Structure formats: C-alpha cells, structure tokens
Amino acid sequence: MNQESLFAIFINASLINNFVLAYFLGICPFLGVSGKMETATKMGAAVTFVMIISSVCAYGLHALLVSIDAIYLQLISYIVVIAATVQLVEMFIKKMSPALFRALGIFLPLITTNCAILGLALFQTNKGYGLAQSVVYALGAGIGFTLALVLMAGLREKLNFAETPNLVKGTALTLLIAGILSLAFMGFAGLGSN
Amino acid sequence: MKEAGNTSGQTSGQKMLLTMTGIGVFCALMIVLSYQGTLPRIEQLKAEALEKAIFKVVPGMESKRTFRMESDGSFTEVSGKEKDARLVYAGYDKEGKLVGVAVEAAGMGFADVIKVIYGYDPEKEAVVGFYVLESKETPGLGDKIEKDPNFLANFEALDVSLTEDKSKTKNTVVAVKHGEKKNNWEVDGITGATISSRAIGNLLGTSTAEMAPVLHKNKAFFEVKKGQ
Amino acid sequence: MFKKTLHISTSPHLTKGIGTDDIMRNVVWAMLPVALYSVWSFGLGALVVLATSTTACVLTEHFLAKISKKESTISDWSAAITGLLLGLTLPPGFPMWMAFLGGVVSIALGKFVFGGLGYNVFNPALVGRAFLQAAFPVAITTWHPVYAPDRFTTVPSATFTAPFMEPSTVDAFSGATPLSAFKFDHVVTNSYDLALGLIPGSTGETCAALILLGGLYLIARNMMNWRIPASILLTVFLLSGALYLANKEAYPSPDFMLFSGGLMLGAVFMATDMVGSPVMPAAVWLYGALIGVLVVVIRIWGGLPEGVMYAILLGNAVAPHLDNLIRPRVYGTVKTAKKS
Amino acid sequence: MSQLTKDKTGEGFWGNLANSPSTNEFLKGLWKENPVFVQVLGMCPTLAVTNTAMNGLAMGLATTFVLLMSNILVSSLRNVIPKQVRIASYILIIATFVTMTDYAIQAISVDLSKALGAFISLIVVNCLILGRAEAFASKNTVGKSMLDALGMGFGFVIGLLSLGAVREILGNGSIFGIPVFPASFQEWVIMILPPGGFFTLAMWLMFFNHRKQKKAAL
C-alpha cells in the first residue's frame, strides 16, 4: 500500500514529474496538436477527462484481476478498457453536448493511442495507489499534460512569425522548446520534500 | 491493395463475433503459455534480488523468514509471495539466532519516491544496514545516497533505542549537515546532496519511529523457531 | 521587434528613435558596475568567467551568422550582453570550458534556433545557465570566498580545467551561499552584508545595491519596463512578508528574501528581456507577480535553495498567454460572438 | 516524405505509410523512412529509455520483435478479419505479443526490466506498430510484411541506438557500459535527464534536415 498524501501525488504528477516533460508520455499529440492554442486546450481537457475515467476503471480492473488471480491479463485488459472508455466517452459527449463533441471531435479517437493514458494506468498500479490516490494522480497528470501542451502552443504561436533557421524548422524546433521547458520544470524538483 | 476490399463485402455480425472470439482465444492462450513458461524463472530472479538486498542490510544472516504485519501490530509468517501486504524479513545466523529484521521504507526524494530497505537489530536497538532499492535521484549528486561510503557508514550502527516503556523511539532519526553529526541517531549528510540525504533521514525517522517499537515487542515471536 | 534593417515602412516615417544598439549599449553601461564589483570582490576567478562567457557568446553569434550566410549581428551588442549576464550568474572560479560551453548554448539554443534577436522567447543567458545547472550540478554550486587576500594574484585551480575533465575542488570552499545556509541550516545572513555584497555567491548576484542602481539608470533613460522589476520585488516582499509574519521561526524575513541570491539580478536584468516578457501593462504586472510567487514557492518549499532562474524561464513560457489574456477586444466585435 | 509536411497537416503520416513503395520493403525502413528520424514515430520510448545505449538496444529489439510478430499475424489473417473490427483485433494481437515480451525480459534480467520499467508495456501504444499493421501488413503478403517489419524494426533500433549512444557517451562517459574517456571525465548529467533526451533527438533531426537540404540544393 502506498501512503503518499494526495497533495504530494498531485504536485508530483503535474509539476515535478510532468508526464510530457519528464516521462515523455503523450509526446505524439504534444508534437502534433501544440501548434494552436485553441486545439491544445481542448485536447488537454479531453485527455484529462479520459484519464480520470480510465484511472477509475483501471483501479477496479486491477482489483478484479488480483481477486481472480489473472494478473497476466493486465496489459491486454487495460488497453481494451481504455479503448472502450474512449468510445463510450465519445458517444456520451455526442449525445449530451453536440457542441462539445464537434469541438473535440477528431481528438477523441486519437486519445486511444496516447501513451499517457495507458502509462497512467500502469504507473498507478505499480505504485499501489488506492482509489482516491489514483483519481488525484490522474487529475494531476491530466493537468500537467494540459499545462505542457498549452505552454508549448503559446510559444509556438508566438514563434509563428519568427524567421527560424531552416535547419530547425518543424519537429526539431518543438523538441528544442520542449527541452527548455523541461529544464524550467526542473525547478519544481523536490517540491514538498522538506 | 486489392485484397483489402474483399473482406468488407462478406462480413456479417456472426463472422465478426467468430473472428474476435478466435483471436481472443488465441491471445489468451499465448499469454497464459508465456506467463506459465516464464513464471518460475521470474520468481527465482525476484527472490534472488530480494535476498541479496536483505543479506546486505542484515549482517551475519544465513537464513530468512518472511512475516506479514497485521493491522493490530502482530505478525504472521507467510510464504513471501503476497503482494499488497507489509512484509518484514527476519534474518537468522547459523545457530538460528535472530540477527536482525529487514524492513522496507519509502519517502519523497528530490526527483521521485525513494525506496529503501534497512535492517533493524532488536537486540542492539539499532539500524544495522541500509540499501537503496529504487531511486531516481540526480546522477553524480543525489545518487550518492547509494554509493557514498561515508554516508553508508551512518547505517552500520544507527541508534534507534526505545524509551523506558518501549512504546516509542527515544530520538527520531534525522539527517544533519555533513561533518556535524554529534549523536549516533543522526545521519551525517552528503555535501551538495542535502535534499537527498535529508529525504533518507526523514523516511528512516518516520519508519523507525513506527516500526522499531513493534518489532522490538515481537522480538520473542521472531526468535521462535519454525515447528516449535 | 527591433530590426536594424527595415526595408519597407508605412507612414508616419519617424526619422529617429531609440535603436536596438542604443538600448543594448546602455544595458552594458548599467551592468558594468556590477561586473566591476564582482571582479573587485572575487578577483581573477570572476574576471576569467566573465571574459570567457562573453567571448563565447560573441564568437558563437558571429559563427552562426556566418554559416547561415547572414550578416554578422555582433555589433548590436546583444550577444555581449547575453555573455555578460551568463557570466554574472556563474560562480567565480567556474571552469573556463564549462563557461564557454554555457555561452555557446545560450546563443545557439537560446537565440539562434528561434530566429535570432527579437524572437528569443526565453532569456538566452538563462537557457545557458539552466543547461549548465543541469549538466554540471556540482561545479555550479562550488563557491569561492569573497575578498580572498590572494584574489588578484592567483586564479582558482578549477578555472583552467582541461576541456571535458572534472574540475579540481582543492581550493574551493564547501561553505554555503546565504540562501542555502538558510534553507538547509536555518542560518540567516544579515541584510547589510547582503545589500553590499559581502557574501559568497555567483559573480554578479552579490551586490544588490549596484544592481538596483543599474536598473534605476535604465528606468531613468526609459529603456526598461520598470513594472517588471517592481512587480517581481513587490510580490516577493508581500508574499514572504506574510509568511514571515505568520511564522517568524520557519520563514525568512522579506528583506532577506529580497537581497539574497539572484533575485535582484534576475528581476532587473533578466526578467526584463523585451522578447520574453509580455507587452500590455496589466499583463506585465501579472508576469512579474507570477515570477515572484514562483521564486518564493521554489525557495521555501522546493528542493533547490534558489529558484529565480526557473521562475523567470517559466515566466517567459507563460508570457504569450498573459498577453492573450489581457489583449483588448478588436473594436466592433461582440464578446459572445465566439461560439463554435 | 518529410516530417515537415507531417507536422503541419497532423495526419500526414498515415498518408506516408500508405504511399510506401512495394519494393525495397526492408531498406526503406532503415533510412528513407526511418521511423525515428524521418517519420518521428514512437517518440515516448525513443526518448524515455535511451539514457544508455544498452537500454536503447533492448527497447529497439523488443519493439522489433513485437512489430515482426504482429505484422506476420495480421498479414496472415488479413483476409479473415472483418474490416469493422480490424483495429480492435490488431490491438489485441499487439497487446498479446507485448505481454509475452514483457515476461521474456523479466525472465532475462531484473536490472533490464527495472531500467525499462513500464515502457515495455507501453510498446502497445507505439503508433509505429499499429501503423505498420494497418498500412502495410493488412494489405500485403506475409513475406513482404516480414521484410517491412524487420526494416522498420531495425530502423527503430538504429534510431534508439544513436540516441542512446550520444546520451551515454556524454552523460556517463561510456558506451554499453565501457568507459570511453579517462576517469577524470566530467559527465554531462543533463544528457541522461529528460531535457537531454529532447535536445539529443532535436540534434539528430537537425542533422537529417541539414542532409536533406544539402541534397535538395544540389
């Protein structure tokens, strides 16, 4: 069992060990949709939402697998559940709020292959978090993901008119900015350790 | 490219179900087979790694027994395969005399949670060994907690003696600045790795404060040989 | 933002304004007393660091301009400023090869990749400094005493470490800067020593008084946005003051917070970088407040004794959003028009 | 195809994959369509576990194994799996082989499985594997799919190795654990920290950009 406080878990997941900038999880959407502020915010919100739901599912699933002694099915069941969750969330949003659905539209299916979601489920299991801890962990991870995405989008929009050298155009520039952001986030290291 | 089109025409719900079931059965079979095939080897490797760590923290140990700590503070001997339980490992010398109990502890470090295992000797009322199981501290700086000989020397005999009524530790283990260790319940820190060495001090302080009285109380229990 | 070679322009045609090089030159004037004091107090160790980082920056700027077949931009003084600022944030006696590497990283990674001056969204000197901090955490926290008697005759032994080799620490002293002394041992240095620079630390951060003087000069000449240092310092003062009032034992006094570490240097010379900071006055206040809060948070609750560098880099990262947040609505648009 | 165009359109890489020539299956993955340097796929393992050359190699080989097996299976079942459930089936198949790889690595070495951690499991969501299954294996013969998987897999290994090598040499002064500098070498700790991963990959991409631009200029 893990006894970390909820606040420490939140700070750890969102700032100290930011999913994108320290664990490199969810890099694909990070590189792909960080070009524009608006899409970045929406993607971040969608990911956070799915993260919380799949975190709860993964918690329940893990308990189930342990009780029937079938822990070897962990990975395959997690991925199936995540894919199903994304589908359900998509259908649910479509029904409840067509406006939100149109806004999120193309991003929702993409989330299935976002390694941050599966990574979150695996990490929370490895760390032995309880239900409340898992949810806070998911929230922190989602907010951290959104933060990284939104900061990157702001910088990239600002650089739209810059005369960047040909050498670094494209992904290379995004990675360099991500590296600098990652450096800046190192300032949060040890937060709450004393 | 042409083949791809063929499948779509002849699909029906039945066929979809059939294929999915087929693939599902095949996958389950593969997973179970590989799990069964590797299980003995994995468990052996894990047991070896754990054994190695326990031997490091309980000097003079020859054999070990695993106990689970129950919520009321008592201990039950277990096979050691339990996952979600608080386990301690009692070590015995050649004659079967208890030489120490290995306990796992964890706490927040500079970069992430640090996991350690330490040995407690209820006879000496002291920590007698220490080993870092898991840490992501900065290489060359914070990771000195794993290697620095001066730092590790702290844990050869770290005082965690109990009060008269044996209900709590007399002094709480704490890390101090390098070179300023005055009492033998203090951990001499590492220059430049203040946070990491303090984290170790804190997590040992918390863990010993909780575990030392309980372990001491159950000293006689651990000493009872198997089958007696 | 400030381009020397504007080809097209629309009316009104202003004939004379403040050019980039004017501002930059004045920034150098403002920093010069700080640099001179650091050489006076730390001796040759500081001089070598400052000279190396400045040279590295100017050379890198020139070289990168050459290979991208552009006109060299070293004459606008900006590379020299970056180098000088980087040098001021490094400890005296820092190995030359590391200082040189820091200069190269500052210009290449902090400026060139973004398209050069005017697009460097992060403060280049701080990018270099953050790189060095992450790369060589031991060397960058090895300090030398202030006013050592032999400071003008001997150079600290680490200075001439062969490239890629580990610096020796024979004559370095393992004592702490005021901030780490407070953080780890709860020792408070008196504010008078702090303000006058009678303390160990990075070359340029020790004398708060001279830094403020430089800042006032730039503000007087209207070459710096005074709101930035004002809001940073005010935030740090108010926040740490509140904490201090709540618990005088646990938290440092606000004047200690203001005068110790790189806060003054950062607030006056680094956070004020025109590219990395917002433009709208309200956004500028927010930007300063954010940096101030981050400084206090990292210093008091974080793992590191000093957080000014990280706070400013994070401030730079948030700056575009602050401008967006404050941006006035375009005349004639209706707020509720934004409906997807 | 370049990652430049991909970056702008966001979904270009599906196009890239579909347009791949049916000849030269093996070689294209190594260089022209290198999954790491050209297609920029599977970034999270690429960056997360390449702090040493050994970890990079192990991760690359594990990915290659999964890619090869799933390509073979997907290709041989390509006329059986109904179109509507193909993605679900691919994910099942991939997850199965990843689980097997995970157990195999745990059985080989505790240290290795500790170093790679959850990132072995995360091979499931490596877009490279699903991408190859969908764009190549589902449309080609088993033989071609095997070649494609091996090419892409070794391309991925090359990518991970070149990152791991640079990061280990600078960050640890060694390669595959063998010291390459004298003992007094000062390690660049940043290289084995997360920012070093971003910077090293960016450097390699810049190198490839440079080559391409040079070629275009000729």
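Keep in mind it's a predicted model, so treat the numbers as computed, not measured. A, B, ... follow the sequence lines: proteins, then strands. Residue 1 opens every chain.
Put simply, of C:Ala130, C:Ala134, C:Ala135, C:Pro95, the one with the most heavy-atom pairs under 4.5 Å next to chain D is C:Ala135.
A 6.0 Å sphere centred on CZ of D:Phe185 holds more than 12 heavy atoms belonging to other residues, nucleotides or ligands.
Remark: D:Phe198 engages A:Phe24 in a ring pair (Phe, Tyr, Trp, His ring centres under 6.0 Å) (not counting sequence neighbours). Residues satisfying the side-chain contact (heavy atoms from CB on, under 4.5 Å) criterion with C:Leu44, sequence neighbours excluded, are C:Leu47, C:Val155.
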Please report all inter-chain donor-acceptor pairs (under 3.5 Å) between chain C and chain D, with distances to 0.1 Å.
| residue | atom | partner | partner atom | Å |
| --- | --- | --- | --- | --- |
| C:Ala134 | O | D:Ile190 | N | 3.3 |
| C:Ala135 | O | D:Val189 | N | 2.9 |
| C:Phe164 | O | D:Gln186 | N | 2.9 |
| C:Glu166 | N | D:Ser184 | O | 2.7 |

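Residue pairs that meet the salt bridge (Lys or Arg N to Asp or Glu O under 4.0 Å) test with at least one member in residues 293-318 of chain C, sequence neighbours left out, are C:Arg299-C:Glu306.
Of the two parts of C:Leu109, only the side chain, counted from C-beta on, holds a non-hydrogen atom closer than 4.5 Å to a non-hydrogen atom of chain D. For D:Phe199, the part sitting under 4.5 Å from any heavy atom of chain C is the side chain, from C-beta outward, and nothing else.
Residues C:Phe131 and D:Ile190 meet the side-chain proximity criterion, which asks for heavy atoms closer than 4.5 Å.
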